Enquirer: 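One structure coming up, written as structure tokens, with questions to follow.
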Amino acid sequence: MKNFKYIQPKSLSEVKKYFSDNHSVLYAGGTDVLGLVKKEVYNYENMIDLKSVPDLDKVEEVKGKGLKIGALVKISEIAESEIIKNKYTALSDAAQKVASPQIRNMATLGGNICQRPRCWYYRDDYACLRKDGDYCYAEEGENKYHAVIGGSPCFIVHPSDTAVALMALDAVFNIFDGNAEREVPISEFFVQPDEDVYLENILKPYEVLTSVFIPEQKNKVSRFIKFAERDVWDFAMASVAVKVEKNGNKITGGKIILGGVAPIPWYDEKINKGISGLTLDEKSIDEFSKLALQDAEPLSKNGYKITLARNLIKMILSEI
Amino acid sequence: MSTKFIKSKFWVEDIKEEMMAEVPISVVEPWQKDKELKYVGKPESRKDAYDKVSGTAEYTFDKSFSQIAVAKTLRSPYPNAVIKKIDVSEAIKNKNVLGILTPDNCKDNDWYSGTSKLLDKKVRYNGDEIACIVAETEQDAEEALRLIKIEYEILPHVTDLEKAKLDTAAKINDHELKPREYNRGNLEEGLKEADIIVEDKFSTSVAVHNPLEPHCSVVKWDGEKLLVFDSTQGIWAVRDTVASQLGIPASNVRVIKKYMGGGFGGKLECGKYTVMAALLSKKIGRPVKIVLDRKEMNQAVGNRPSSVQELKIGAKKDGSITAISHNAYGTAGAFPGSAGCSWPARSLYKCPNMKLVDTTYYINAGKDRPFRAPGHVQGTFAFESIIDEAAEKLGMDPIEFRVKNFTAVDPDWNGPYTSKLLREAYIAGADKIRWKENRKKAGFGGGIVKTGYGMASQIWWGGGAPPSYAILKLNWDGSAELVSGTQDIGTGTYTILAQIVAEVLEIPTRKINVVLGDTGVCPFGAMSGGSMTAPSVGPAARDAAEKMLSKLKSAAAAILELSEDKLEYSEGVFSSKDDRSKTADFSKLFGHFREGVLVTQGAREANPEGYAINTFGAQFAKVDVNTLTGKVCVKHVVAAHDIGRVLNRKTLNNQFHGGIMMGLGFALLEERVIDNYTGKLLTTNLLDYKLPTIIETPEIDVIIVSEEDNKVNNIGAKGIGEPAMIPTAGAIANAVYNAIGVRIKDLPITPDKVLNALASKNN
């Protein structure tokens with residue numbers, strides 16, 4: 001690890017000035033960024049700790065509108081929140097499945113959404129595409145954990161569990177650009193490698209995701225399911241977040257987002273078109289699940305993810 | 001002369017060793033079955049439990065001295081290369097950089113059986129050592145390493161086992177690895193006699209030890225004498241290697257190891273890092289600490305070789321096995337090593353005809369080291385899988401088939417075992433898991449989550465052997481110190497040795513201090529490996545204690561002016577059988593001595609002639625397989641074993657739990673992954689190299705079917721470190737097959753393999 005300066009800004013407007021030379025990084029819980037500097041994936045001169053900025057760690061219910069969660073709210077707080085469990089269940093489910101209890105106590109919501117990929121080539125000393133190299137080592141290499149869709153030319157999967165749930169819940173992100181705050185719907189936040197291979201989202205280095213707003217989920221039920229090789233301290237091989245409105249055992253509307261299969265939380269067109277009108281019986285669910293990832297192009301070692309994701313859809317819908 | 005020398009022959013891991021040993025001529029009688037023991041066998045808490053739990057226990061990792069400097073190693077980024085030029089000029093500019101070693105300093109330091117050097121200009125794997133820098137801080141050393149400029153000639157590499165087999169594969173090491181072949185009877189005849197033949201191919205991944213405490217050494221010179229604190233399973237091996245690498249007398253090297261954060265075989269030999277630290281420390285005249293990080297731990301300090309195992313078994317309709325063929329190959333890295341794994345096939349059952357071939361290939365990867373039951377873990381998985389396949393083909397219950405082929409003598413040379421309670425283990429284990437009631441036909445039943453039951457047997461050595469010695473010092477206050485040059489690898493050696501001494505001298509264990517792991521003060525003791533420690537050192541401790549009791553008795557007789565046969569001993573007090581008022585306790589005895597301490601030395605006795613000494617056992621697993629996710633969840637493991645006498649029920653259970661969890665990790669999760677294109681290791685941390693966690697821990701029952709094995713040694717005990725792990729993966733794999741009706745033949749059994757297997761079964 002190389003030396004860096006540890007900086008504690010007192011306000012958000014102070015943050016941008018540390019980025020004039022582009023060698024700074026934002027620090028929230030630190031569970032990801034410290035790993036990145038320790039392994040020298042990046043060498044930063046300044047680490048800007050957002051914990052010294054007041055009021056980024058508040059959960060606020062906006063009556064009749066929804067819930068605003070500060071970017072620095074700990075994952076463990078989200079996992080334990082009764083409001084989130086009752087009204088925004090998918091997020092609660094996802095928060096409970098993040099990493100391990102120790103990491104959840106440190107990690108923040110903002111950090112979880114903005115964490116860098118876990119690809120083992122990217123995290124080690126390979127000059128891969130995402131690190132300005134000219135080759136994706138996973139494409140023909142060890143790609144069991146990599147993307148089956150939306151990958152080209154870089155086959156990372158997005159590592160966040162909470163992002164998958166938040167996408168199903170139509171969250172809106174508040175972003176501070178140094179001068180003012182703007183709202184960005186989550187569907188416009190993430191960036192695919194074919195748009196920009198160096199970034200996972202639209203944030204400029206100095207921009208701060210300050211809070212996440214989740215609109216009220218009236219008459220809607222949401223759930224999240226994650227599957228990993230280990231039940232704790234592991235990233236998703238595949239995950240599914242679902243939000244539906246029901247009339248009896250018929251779904252009248254909703255959204256399904258897949259995690260662990262693509263470089264961004266994945267909105268699958270076919271399955272989302274088909275969800276409205278789905279009858280919740282075994283046969284229909286079985287047929288419906290096959291709509292997912294029909295356009296997937298698996299690599300040599302990750303074809304199982306298609307089956308897995310479809311099966312997780314079956315599991316989550318049969319429990320909703 | 002109360003001792004004599006013998007040529008002691010014994011199995012260490014899977015290698016037959018011969019060593020001269022000094023053994024007692026008059027052998028201490030083992031405790032008889034009906035003798036009630038007060039200390040031995042009891043679930044006593046570890047002597048060091050408080051120190052460890054409270055954090056006051058000082059591990060090698062924690063050791064420090066004033067003026068200590070820190071060393072870090074530069075490792076090859078390439079899997080196969082020759083170093084053309086090394087330029088260290090930039091690296092040593094920083095005043096905080098104190099010293100550097102490069103291949104130029106190590107021309108006389110042979111390593112890996114002379115096929116390489118401590119630091120070599122030829123690097124054979126990603127992680128091979130190139131240079132070592134000592135600096136004021138770890139960070140200074142790391143920064144300096146980055147400034148070393150190296151010109152490499154990059155050579156073609158091979159990291160894929162199947163490619164390594166080809167004649168066209170790049171040559172990695174000049175030392176030739178010869179296949180190991182074993183024949184018994186006539187394989188072809190045996191297959192002809194068979195009514196059924198089953199044939200299959202299995203494979204296992206390279207697994208890495210990954211103990212919690214990293215490999216580390218702290219070294220300090222005092223004039224010509226070198227003090228080495230090392231996280232090691234073998235202080236004598238470290239002493240001798242360091243001494244010969246530095247060209248100094250062994251007596252000038254003192255190696256100390258007190259607490260151990262795990263080793264599992266990876267710390268049985270001296271590491272390069274220890275020698276480099278000693279050389280650098282000498283150079284700079286300051287103490288040096290060197291600690292490997294997790295990446296280095298996964299690259300450079302050993303692993304369990306991979307295996308591909310082609311097995312064929314012939315059997316008659318009545319179930320008797322007529323032939324076994326086992327053709328196995330694997331890789332042990334870039335240096336001479338062994339991937340052999342055919343011992344279970346050779347020794348578990350009666351079989352008159354067999355041919356077993358073990359072949360090892362080089363690849364450009366870190367060298368193997370013994371890993372908790374070398375060869376047996378992977379061998380047992382494959383062999384016990386095909387045994388189940390044969391049983392199924394014959395329509396026999398797996399246990400019935402195994403019992404049918406039970407052998408009462410070692411099938412290798414037809415000698416008797418000191419004990420073999422394998423059938424008793426089958427009965428006890430099957431009873432506990434309710435085998436007959438619970439186990440259904442393979443793939444039976446519907447539902448998303450399918451339950452299955454499986455079992456596997458275990459054979460291992462583990463009887464211990466001489467040489468091992470112990471010195472006992474008894475103080476005037478009735479406290480004692482037992483000193484032996486073995487190590488407590490973390491399994492409770494300090495505690496069981498105190499229990500043994502306590503049993504003989506009838507003094508509480510809290511008054512017995514056990515000193516281990518110090519070549520400067522201890523007589524030689526067994527290395528902590530091969531399940532050797534307890535059955536080698538324990539009897540030496542008992543011998544020393546019995547000698548002390550004799551000595552005291554003789555003193556008491558003289559002081560009380562009685563003959564020894566008129567004396568009784570109980571809890572520190574001698575008394576006359578005829579006159580209870582005539583007594584002598586420790587303080588009275590010592591009041592008459594000029595010395596405040598009495599000393600005896602005990603030795604491990606010779607093993608019995610004409611016997612095979614082995615441990616046996618069977619493990620039973622209940623698993624749930626989720627057919628939608630492919631996840632295998634182990635619900636319950638029953639371990640039933642014949643391991644002689646239990647010395648401490650609590651540490652025994654601990655060791656079984658650890659072994660079973662390690663077996664579970666090998667069966668379901670752990671896999672070293674190398675990128676074949678670049679030849680570099682990908683699993684460099686504990687996220688990517690997946691060890692099981694507490695959440696994967698099943699319900700575990702440990703049943704010991706033996707009471708004691710008094711033919712083996714004077715404490716009647718055998719080792720359990722390795723037996724605890726050997727059958728776990730086989731039992732789990734057989735249970736997975738029983739659950740889903742399709743066999744996963746490649747470990748680890750990960751969800752992707754289960755899903756793919758289920759898909760091909762349904763098509």
Side-chain angles (χ1 to χ4, degrees), chain A residues 1-3 35 38-40 43 99-101 103 118-128 135-145 159 225-235 237-239 282 286 289 298 301-316 318, chain B residues 75 77-78 126 137-140 142-143 146 159 293-295 298 448-449 626-633 665 668-697 748-759 762:
Chain A
M1 185 171 78
K2 288 196 174 152
N3 275 337
K38 211 172 160 189
K39 291 208 83 180
E40 299 186 6
N43 294 310
S100 65
I103 291 173
R118 301 305 310 196
C119 168
W120 45 21
Y121 294 101
Y122 165 75
R123 290 264 164 176
D124 221 314
D125 56 353
Y126 297 82
C128 76
Y135 188 78
C136 172
Y137 290 82
E139 188 170 2
E140 289 180 16
E142 294 298 331
N143 49 41
K144 174 177 161 186
Y145 301 104
I225 188 170
K226 168 178 175 175
F227 181 74
E229 283 178 319
R230 270 195 309 219
D231 284 337
V232 70
W233 192 27
D234 208 352
F235 288 87
M237 285 180 128
S239 68
E282 202 183 321
D286 196 44
S289 71
K301 298 187 176 182
N302 66 3
Y304 73 93
K305 281 195 175 189
I306 297 171
T307 314
L308 180 62
R310 288 174 182 172
N311 287 347
L312 292 180
I313 292 171
K314 280 195 250 183
M315 286 164 75
I316 202 167
S318 60
Chain B
R75 293 175 183 278
Y78 302 109
N126 165 223
T137 67
E138 186 177 349
Q139 206 173 348
D140 289 329
E142 275 178 4
E143 273 172 23
R146 272 193 288 268
T159 50
D293 66 21
R294 197 49 72 177
K295 183 173 182 175
N298 279 278
I448 291 166
V449 178
N626 187 317
T627 54
L628 290 181
T629 62
K631 170 92 119 207
V632 177
C633 178
L668 302 178
L669 290 162
E670 295 176 44
E671 180 175 16
R672 183 189 74 179
V673 182
I674 290 179
D675 177 60
N676 285 327
Y677 177 66
T678 57
K680 288 165 68 157
L681 182 70
L682 287 169
T683 44
T684 58
N685 57 63
L686 295 183
L687 174 66
D688 294 323
Y689 186 86
K690 294 184 196 299
L691 294 170
T693 71
I694 197 78
I695 215 168
E696 277 83 27
T697 311
I749 303 174
T750 46
D752 53 321
K753 292 179 195 167
V754 175
L755 286 175
N756 291 342
L758 285 170
N762 294 337

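Bear in mind the structure is a predicted one, so any value in this text is a computation, not a measurement. The chains referred to below are lettered A, B, ... by the order of the sequence lines, with proteins before strands, and numbering in each begins at 1.
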Enquirer: In this structure, are over 12 heavy atoms from other groups packed under 6.0 Å from A:E140 atom CD?
Expert: no
Enquirer: Report the C-alpha distance between B:D675 and A:Y121 in whole Å, list the side-chain angles of each, state the deciding distance to 0.1 Å, and finish with yes or no for side chain to side chain donor-acceptor pair (under 3.5 Å).
Expert: CA-CA 9 Å; B:D675 177 60; A:Y121 294 101; 2.6 Å; yes
Enquirer: Checking heavy atoms, do the side chain of B:N756, its backbone, both or neither come under 4.5 Å from chain A?
Expert: side chain
Enquirer: Measuring heavy-atom distances to chain A, does B:L681 have an atom under 4.5 Å in its side chain, in its backbone, in both, or in neither?
Expert: backbone
Enquirer: Please say whether more than 12 non-hydrogen atoms of neighbouring residues, nucleotides or ligands are located less than 6.0 Å from OH in A:Y122.
Expert: yes
Enquirer: Please state whether the side chain, the backbone, both or neither of B:L682 comes within less than 4.5 Å of a heavy atom of chain A.
Expert: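 For B:L682, heavy atoms of backbone and side chain both lie under 4.5 Å from chain A.
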Enquirer: Does a side-chain heavy-atom distance below 4.5 Å link A:R123 with B:D688?
Expert: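 Not touching, per the 4.5 Å side-chain cut-off.
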Enquirer: Please classify the contact of B:T684 with chain A as side chain, backbone, both or neither, using a heavy-atom distance under 4.5 Å.
Expert: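 For B:T684, the contact with chain A is made by the side chain alone.
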Enquirer: Quick one: what part of A:D125 sits under 4.5 Å from any heavy atom of chain B, side chain, backbone, both or neither?
Expert: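 When you check distances to chain B, atoms from both the backbone and side chain of A:D125 fall under 4.5 Å.
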Enquirer: Do B:D752 and A:K301 come within less than 4.5 Å of each other through their side chains, counting heavy atoms only?
Expert: no
Enquirer: Run the side chain to side chain contact (heavy atoms under 4.5 Å, CB included) check on B:L755 and A:N311 step by step: do they pass?
Expert: CA-CA 10 Å; B:L755 286 175; A:N311 287 347; 4.1 Å; yes
Enquirer: Side chain to side chain contact (heavy atoms under 4.5 Å, CB included) for A:K144 and B:V673? Distances and angles first, verdict last.
Expert: CA-CA 11 Å; A:K144 174 177 161 186; B:V673 182; over 6 Å; no
Enquirer: For B:I674, which atoms come within 4.5 Å of any heavy atom of chain A: side chain, backbone, both, or neither?
Expert: backbone
Enquirer: If you define the side chain from C-beta out and look only at heavy atoms, does anything of A:W233 sit under 4.5 Å from B:I695?
Expert: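 A side-chain contact is absent here, since even the closest heavy-atom pair is not under 4.5 Å.
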Enquirer: Of all of B:E143, B:K295, B:Q139, which one pairs up most often with chain A through heavy atoms under 4.5 Å apart?
Expert: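 Option with the greatest count: B:Q139.
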Enquirer: Contact part of B:T678 toward chain A, heavy-atom cut-off under 4.5 Å: side chain, backbone, both or neither?
Expert: side chain
Enquirer: Pick one of side chain, backbone, both or neither for B:N626, based on which atoms fall under 4.5 Å of a heavy atom in chain A.
Expert: side chain
Enquirer: Between A:R118, A:E142, A:E229, A:R230, who has the most heavy-atom pairs with chain B when the cutoff is under 4.5 Å?
Expert: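 Max contact count across the listed options: A:R230.
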Enquirer: Can you confirm whether B:K680 sits close enough to A:D124 that some side-chain heavy atom of one is under 4.5 Å from a side-chain heavy atom of the other?
Expert: no
Enquirer: In Å and rounded to the nearest 0.5 Å, what is the CH2 to CG distance from A:W120 to B:L687?
Expert: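 One gets 10.0 Å once the value is rounded to the nearest 0.5 Å.
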Enquirer: Check whether any side-chain heavy atom of A:D231 lies under 4.5 Å from a side-chain heavy atom of B:K631, and answer yes or no.
Expert: yes
Enquirer: Which atoms of A:K305 come close to chain B, meaning under 4.5 Å heavy atom to heavy atom: side chain ones, backbone ones, both, or neither?
Expert: neither
Enquirer: Do B:L628 and A:L312 make a side-chain contact, defined as non-hydrogen atoms from C-beta onward lying under 4.5 Å apart?
Expert: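 No, their side chains stay 4.5 Å or more apart.
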Enquirer: Between B:K690 and A:D234, is the closest basic N to carboxylate O distance under 4.0 Å?
Expert: yes
Enquirer: Flag the pair B:Y677 / A:Y135 as yes when their ring centroid distance falls below 6.0 Å, and as no otherwise.
Expert: yes
Enquirer: Given a strict heavy-atom distance threshold of 4.5 Å, which part of A:A228 is in contact with chain B: side chain, backbone, both, or neither?
Expert: backbone
Enquirer: Under 4.5 Å between any side-chain heavy atoms of A:Y304 and B:V754, yes or no?
Expert: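 No; the side chains remain at least 4.5 Å from each other.
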